[in-house]
Amino acid sequence: MCGRITQKSNAKKLGLGLASADHVVPGVAPPRYNGSPGQEHWVIREQPETHAYSLDRLWWGLIPHWCKDPQGDRKPINAKAETIASLPSFRDGYKKRRCLVPIDNFFEWKAIKGAYKQPYAIGMKSGAPFALAGIWENWKRPSTEEWVRTFTIITTEANDLMRPIHDRMPVIIGPADYARWLSPDEPDPRDLLRPYPAEPMTMWPISSRVNKPVDDDPEILDAVGI
DNA sequence: CCAGACGTTGTT
DNA sequence: GTCTGG
DNA sequence: CCAGACGTTGTT
DNA sequence: GTCTGG
């Protein structure tokens, strides 16, 4: 599963060669060294009309458009690849509002029976940013009429690298498939929702300092070993 | 018909 | 135990 | 995901 | 908004 990410590279790199974010005001988009659900993160989308790609900040935790009061309701941070095409909360987004979440790493906790959990960082051997598959939604806050944009990350079964620590992992989209995943002309690209090959990936144990959901502590860099 | 849910994970 | 907040 | 709280009243 | 359960 996937409940913590890093977006430490600059916006140019996190655009993955598809999108840029030069319109973003400096200072409003700090790097995420230990990013959590409930925070804003970089997300790449395709504009339906112009087919241009954009890199924007969306809230992690999907709020369906029909939701009255997300205070009381849950905001799913993950959606299962196996069921996303049919579940009421996800199927419209899956058809029409797919996105890529560009990251440097994600974290996973290995549950050790009767004991602590050991956090791990997972990334590419190359150190390059890569893309997770997501879907997003628009939601209008009734009190202020303001539009809120949220996303959720799709999960699938673990690959050989991750299976020792966890039975699920986020869906990773390779560069060759960016365009297909984002294209509104592909209503059901479910063949992309499979475990990513283990070979280009790497994984290492990190300090449990990352347990604390604080992502602006510079010392977190040591914890992650970056 | 209306009311109520709508999600995932892990752990017991 | 379960929910909210980061 | 984990950490931390775990409450009520009335008024804006 | 749409589906399930009573």
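By convention in this document, chain letters (A, B, ...) are assigned in the order of the sequence lines, proteins followed by strands, and residues within each chain are numbered from 1. Treat the numbers as computed from the prediction; the structure is a model and nothing was measured.
A close approach under 4.0 Å does not occur between any side-chain nitrogen or oxygen of A/Ser89 and OP1 or OP2 of E/dG1. Neither OP1 nor OP2 of C/dG5 sits under 4.0 Å from any side-chain N or O of A/Ser36. For A/Asn78, no side-chain nitrogen or oxygen approaches OP1 or OP2 of B/dG7 to under 4.0 Å. A close approach under 4.0 Å does not occur between any side-chain nitrogen or oxygen of A/Lys75 and OP1 or OP2 of B/dG7. Taking 4.0 angstrom as the limit, A/Arg168 places a side-chain polar atom (N or O) nearer than this to OP1 or OP2 of B/dT9.
One can place CG of A/Leu132 at 17 Å from P of B/dT8, the figure rounded to the nearest angstrom. Atom CD1 in A/Ile84 sits about 9 Å away from atom P in B/dT8, given to the nearest Å. Taking atom CH2 of A/Trp60 as the reference point, atom P of C/dG5 lies 18 Å away to the nearest angstrom. Between A/Glu40 atom CD and C/dG5 atom C1' the separation is 15 Å, expressed in whole Å. The nearest whole Å value for the distance from the CD atom in A/Glu82 to the P atom in B/dT8 is 9 Å. Going from atom CD1 of A/Ile5 over to atom P of D/dC1 covers 15 Å, rounded to whole Å.
Using atom P as the reference point in both D/dA3 and B/dT11, the two lie 13 Å apart (nearest Å). Rounded to a whole angstrom, the distance from the C1' atom of B/dG7 to that of D/dC1 is 15 Å. If you take atom P in C/dC3 and the same atom in D/dG10, they sit 26 Å apart, rounded to whole Å. Going from the P atom of D/dC2 to that of B/dT12 covers 13 Å, rounded to whole Å.
A salt bridge links A/Arg168 and A/Glu82; the closest N-O separation between the charged side-chain nitrogens and carboxylate oxygens is under 4.0 Å. Between A/Arg163 and A/Glu157 there is no salt bridge, since no side-chain N of the basic residue sits under 4.0 Å from a carboxylate O of the acidic one.
Although no hydrogens or angles enter the test, the distance criterion places a donor-acceptor pair under 3.5 Å between the side chain of A/Asp104 and the main chain of A/Lys8. For A/Asn34 (side chain) and A/Val210 (main-chain N/O), a donor-acceptor pair under 3.5 Å exists by modelled atom type.
Contact record, A/Ala85 with A/Arg190: CB-NH2, 3.7 Å, taken as the closest heavy-atom pair. Summarising the geometry of A/Ile206 relative to A/Gln118, their closest heavy-atom pair is O-NE2, 2.9 Å, with the distance given to 0.1 Å.
Within 4.0 Å of A/Thr83, counting heavy atoms only, lie sugar-phosphate atoms of the nucleic acid but no base atom. Using a 4.0 Å heavy-atom cutoff across all strands shown, A/Arg91 reaches sugar-phosphate atoms only and no base atom. A/Ile77 comes within 4.0 angstrom of a nucleotide base, judged by non-hydrogen atoms across all strands. Within 4.0 Å (heavy atoms only), A/Phe106 reaches no atom of the nucleic acid at all.
With centroids closer than 5.5 Å and planes inclined by less than 30 degrees as the test, A/Trp66 and the base of B/dC6 pass as a stacked pair.
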Which dot-bracket notation, 5' to 3', represents the base pairing of DNA chain E when pairs are defined as Watson-Crick or G-U with both distances under 3.5 Å, crossing pairs as [ ], and inter-strand pairs as |? ||||||
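Note: the hydrophobic cluster containing A/Ile226 does not contain A/Ile5 (ILVMFWY, side chain heavy atoms under 4.5 Å, direct or indirect links).
Exactly one residue among A/Arg97, A/Arg149, A/His65 makes a side-chain hydrogen bond (donor to acceptor under 3.5 Å, both in side chains) with A/Glu137. That residue is A/Arg97.
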